[in-house]
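In the text below, chain A, chain B and the rest are named by the order of the sequence lines, each starting its count at 1.
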2 protein chains.
Amino acid sequence: MKKVINTIFLWASTLSSLLPITAYASGVVYDKALYQQVIKQTPQAVQLYKNLLSLPNDTHNQEDIKKLSSWLIHAFNQRGFESHTLDMSGSPLVYAERINPNAKKTVLVYLQADGQPVDPKAWQQPNPYQAVLKKQQNDGRWQVVPWSYLTQSMDPDLRIFARSAADSKGPIAQFLVALDLIQQQGPLNYNLKVIMDTEEEIGSPNLPAAIIRHKQKLKADMLLIFDGPPHYSNQPTVTLGARGIATVQLTTYGPYKPQHSGHYGNYAPNPALHLSQILGSMKSQDGRVLIPNFYEGSTISADLRELLSKVPDDEQQLKQKLGFSVHDKVGNTLQESIQFPSLNIRGLQSGWVEQQARTIVPDKAIAEIDIRLVKESNPQRLISLIRNHIESLGYYVIDRVPTHKERMAHPYIVTMKSKPVYGAFRSEPNSLAGKMAIQGLTKFYGERPIVLRSGGGSIPIAPIIDTLKIPAAIVPSVNADNNQHSPNENLRVGNFIEGIAIIASVLNQPL
Amino acid sequence: MKKVINTIFLWASTLSSLLPITAYASGVVYDKALYQQVIKQTPQAVQLYKNLLSLPNDTHNQEDIKKLSSWLIHAFNQRGFESHTLDMSGSPLVYAERINPNAKKTVLVYLQADGQPVDPKAWQQPNPYQAVLKKQQNDGRWQVVPWSYLTQSMDPDLRIFARSAADSKGPIAQFLVALDLIQQQGPLNYNLKVIMDTEEEIGSPNLPAAIIRHKQKLKADMLLIFDGPPHYSNQPTVTLGARGIATVQLTTYGPYKPQHSGHYGNYAPNPALHLSQILGSMKSQDGRVLIPNFYEGSTISADLRELLSKVPDDEQQLKQKLGFSVHDKVGNTLQESIQFPSLNIRGLQSGWVEQQARTIVPDKAIAEIDIRLVKESNPQRLISLIRNHIESLGYYVIDRVPTHKERMAHPYIVTMKSKPVYGAFRSEPNSLAGKMAIQGLTKFYGERPIVLRSGGGSIPIAPIIDTLKIPAAIVPSVNADNNQHSPNENLRVGNFIEGIAIIASVLNQPL
């Protein structure tokens with residue numbers, strides 16, 4: 001699952017250093033019958049997974065994506081689906097459906113098929129598309145071991161290394177094996193529709209239009225997303241929402257060209273000062289947005305606070321690792337914080353710094369802002385609030401470079417460009433999707449999973465949910481410390497096995 | 001003359017587009033006898049100048065600098081000086097003195113010998129060290145013409161193109177020819193000492209220590225600097241001061257590494273916000289420093305205002321060209337503005353912008369500030385005021401990267417690094433140096449030159465003045481639009497000739 005653009009690796013790399021390599025995949029499960037069934041199936045499951053991993057899936061390579069799509073269509077057809085690609089711009093979605101004439105309900109599943117590019121030099125194996133099995137040594141390094149290790153003794157801490165091992169061929173392989181397992185119990189009592197995204201790593205630019213075009217075909221009662229890592233503690237997790245995102249770029253202007261700061265310091269207006277004043281006025285020092293009504297609609301009720309407090313975040317440890325002692329005061333905790341829209345300065349640039357610094361009055365200053373949206377946030381409303389705020393500071397706000405005439409007419413000018421990227425989504429724990437996911441995990445583990453009301457990041461799922469008007473739940477099936485998007489991406493064997501059981505258990509919930 | 005680091009080209013390139021190519025070198029002079037004498041000397045003067053231009057003088061090439069120094073020593077010895085290099089770190093200063101046993105006064109002259117590197121590909125001539133004569137065509141382009149054009153008809157708008165044509169071999173050649181002219185009238189009644197800087201283009205790092213070491217030898221009653229362009233209107237100019245400069249770098253901190261703005265937006269402190277708040281609080285929107293006592297000691301009296309108003313700045317035209325309508329409100333005019341210390345944000349950086357933008361909470365934000373100092377500014381006092389101001393905002397201010405313990409103990413941390421670079425200097429119009437320079441130009445032109453109380457930029461002359469405790473005046477002898485530091489540097493022939501007369505007239509003032 002792509003968490004907007006290519007920044008997830010930052011999070012992933014933090015996680016790697018944050019967490020001991022432990023996983024919940026411990027064999028301590030409640031539904032022992034299911035677990036044993038999966039263990040029995042493991043050799044075939046690994047074989048299927050290795051075959052899938054051997055297919056290059058760089059999202060930019062159309063030929064590879066075509067071959068991968070054929071493989072997927074074949075795999076689903078073998079399992080009684082009717083599969084084909086759906087007509088759309090870009091790389092077509094792969095679609096599979098298995099209709100039960102007696103079904104009253106339909107479950108739509110989202111899987112991701114494409115992957116990040118590979119830089120073979122950065123990988124500690126000859127070919128990132130040829131999976132290797134590795135065992136961690138006492139010194140922390142990972143060493144290749146024979147595949148026979150998997151059958152000799154099932155060490156859950158072994159890991160399978162390959163591009164897309166976790167993001168997101170792992171979930172596809174787990175899903176296919178889970179289908180085989182539950183098929184042994186007879187047909188499902190609901191219709192199952194599966195879409196496989198082949199453009200996720202480039203932000204699924206054509207997905208929203210395709211969903212609208214194929215709305216009738218995709219009609220369903222809920223959406224299940226098998227993707228993404230679990231809560232960072234690596235415990236069983238269901239995530240019922242994601243924040244949306246909008247972006248804003250602000251540019252302020254000084255002289256046409258950078259000017260000598262001796263000749264013009266105290267005379268030419270400094271765009272970096274003006275940008276600083278604009279940005280600095282938007283939030284308090286402790287991180288709360290000061291623009292009136294920005295948080296409108298978002299509150300933390302006593303019930304919600306109680307719910308959020310159940311997430312086992314160790315914030316003290318987290319802050320030590322992240323490197324700050326006091327968090328921004330939007331919420332009382334990390335979980336509360338992400339229930340609100342955010343206003344984040346993600347980039348700032350004017351003139352030159354460090355070795356490149358030169359004594360100039362800069363010609364312009366640029367700030368990049370991202371706004372994480374919650375369900376209560378209308379992006380256009382928030383963007384208007386920001387625009388009004390900047391105007392209230394005395395700036396002439398336009399959405400393009402000012403003309404000479406405008407420069408001569410207005411002392412303070414801001415170019416403001418904005419873009420709503422994805423909406424937020426949030427489903428209720430007692431919605432069809434929430435119930436199916438939570439019950440599925442509860443049945444397998446004997447206890448309720450961590451339920452995240454919303455992840456903080458943004459995913460291109462909201463357009464599906466908005467179009468089809470169905471609830472959704474994200475069920476992670478891979479380990480949190482998987483190096484996704486980076487070299488040496490991997491999937492922990494214990495998680496691979498339990499992920500199959502998780503998916504089988506969820507799909508097996510009666511509807 | 002180097003106006004601090006390599007930014008002068010920005011100013012120069014602005015000037016090129018700002019100004020019509022006119023020069024004051026019009027032949028309309030008051031001291032016609034001197035002018036005729038110079039005209040007669042022109043062929044020899046140009047030959048001397050071409051010889052000097054043919055010597056590579058890239059400040060980074062020690063061998064070339066040595067050859068150049070030998071040439072200079074020889075040239076001064078030929079003119080009755082005792083010349084040698086002065087022992088110092090780096091490339092030694094070239095020193096020449098001509099002592100008159102009856103003299104009561106001593107004049108110290110500063111010339112610059114080294115030059116910027118050349119990129120021959122960017123020059124419109126085969127070799128930037130082989131001067132060419134050019135004439136501007138109707139389409140604005142410059143075309144090579146034979147050197148015989150100089151003797152056939154003296155078109156003052158012809159130009160000589162070569163590296164250091166203006167900055168600063170032009171003034172050296174003009175000075176040597178001027179010495180020859182005034183020598184014809186008998187010996188000067190003062191001692192003449194000349195220092196030739198060979199490290200000016202790298203900021204004269206070893207000059208202050210050398211001046212202190214050779215303080216006795218360099219003892220003088222005044223300093224004359226033949227360097228730099230005149231006022232941008234290209235009218236005869238004497239500049240009696242320059243602002244000093246100090247630099248400050250501020251760094252604020254977020255998490256150790258950039259973090260996913262979805263996972264941590266509203267939670268991880270944003271260093272770009274904090275830096276913006278710090279910078280934004282330092283000045284009013286219209287550019288006045290709000291830190292108390294920053295401008296202490298600097299005022300514009302009625303007399304000074306009257307004096308400054310004599311500088312023929314066309315601010316309306318200037319603003320049109322620079323691209324803003326309202327100037328910062330430190331002074332009422334450009335000339336008033338540069339009589340005050342400045343606080344300029346010259347660089348700002350955090351995270352990434354434009355194509356590189358990514359959805360993160362940045363790990364740090366950096367601002368680079370330059371402070372232009374006037375004579376009343378003690379740089380340490382101004383730096384302390386800034387530090388106190390930042391502390392008053394609730395920041396823990398240190399001069400290095402914070403430790404983990406400090407990160408855990410202080411919610412808001414700033415690393416502040418500061419450096420006083422050069423002091424300011426300012427001499428009085430009725431000081432020995434001021435009188436000699438102003439009278440010299442007045443005598444030649446029949447009217448008082450533009451007298452700039454201070455240039456806005458900073459030059460490495462203040463250490464000389466501070467050590468020797470003498471007044472100084474800068475007398476430009478080249479055209480303003482000379483492309484100094486850039487390819488196709490040039491000197492206008494009219495300015496070359498009148499510059500010789502200017503220097504001769506100044507040196508000829510009785511002391």
Check whether [X] gets within reach of chain A through its side chain, its backbone, both or neither, counting any heavy atom under 4.5 Å.
X       : result
P341(B) : backbone
S284(B) : backbone
D363(B) : neither
E336(B) : neither
A272(B) : both
Q349(B) : both
T333(B) : backbone

> Among P269(B), A367(B), P362(B), which has the most heavy-atom pairs under 4.5 Å with chain A?
Replying inline: P269(B)
> In terms of heavy-atom pairs under 4.5 Å with chain A, which of D286(B), L334(B), L343(B), L275(B) leads?
Replying inline: L334(B)
> Does a side chain donor of either S261(A) or R372(B) reach within less than 3.5 Å of an acceptor in the other side chain?
Replying inline: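 Yes, a side-chain donor-acceptor pair sits under 3.5 Å.
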> Between N266(B) and H327(A), is any side-chain donor less than 3.5 angstrom from a side-chain acceptor?
Replying inline: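 The criterion, which ignores hydrogens and geometry beyond distance, is not satisfied for H327(A) and N266(B).
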>> For E315(A), give me all partners under salt bridge (Lys or Arg N to Asp or Glu O under 4.0 Å), at least two apart in sequence or on another chain.
In response: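 Not a single residue meets the salt bridge (Lys or Arg N to Asp or Glu O under 4.0 Å) criterion with E315(A).
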>> Could you work out, with side-chain contact (heavy atoms from CB on, under 4.5 Å) as the rule, every residue matching P402(A), not counting sequence neighbours?
In response: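 Result, side-chain contact (heavy atoms from CB on, under 4.5 Å) vs P402(A): Y253(A), I398(A), E406(A), R407(A), I413(A), T415(A).
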Would you mind telling me which of [options] has the largest number of heavy-atom pairs within less than 4.5 Å of chain B?
options                            : answer
V326(A), V353(A), T247(A)          : V353(A)
P255(A), G347(A), P271(A), S276(A) : S276(A)
G287(A), S325(A), G351(A)          : S325(A)
K319(A), K329(A), Q356(A), R288(A) : K319(A)

>> Are the side chains of T239(B) and R453(B) in contact, using a 4.5 Å heavy-atom criterion?
In response: no
> Under the criterion side-chain contact (heavy atoms from CB on, under 4.5 Å), which of I366(B), I369(B), L279(B) is the partner of L348(B)?
Replying inline: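 Passing option: L279(B).
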Quick one: closest heavy-atom pair of [X] and [Y], and the distance?
X       : Y       : answer
I338(A) : G455(A) : CD1-C, 4.0 Å
P229(A) : A480(A) : CB-CA, 3.7 Å
L393(B) : Q285(A) : O-NE2, 3.2 Å

> Are E376(A) and R426(A) close enough for a salt bridge, meaning some N to O gap below 4.0 Å?
Replying inline: yes
>> Heavy-atom cut-off 4.5 Å, strictly under: side chain, backbone, both or neither for N344(A) against chain B?
In response: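 For N344(A), the contact with chain B is made by backbone and side chain together.
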> Considering only heavy atoms, which portion of Q320(A) lies under 4.5 Å from any heavy atom of chain B: side chain, backbone, both, or neither?
Replying inline: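 Backbone plus side chain of Q320(A), per the 4.5 Å heavy-atom cut-off to chain B.
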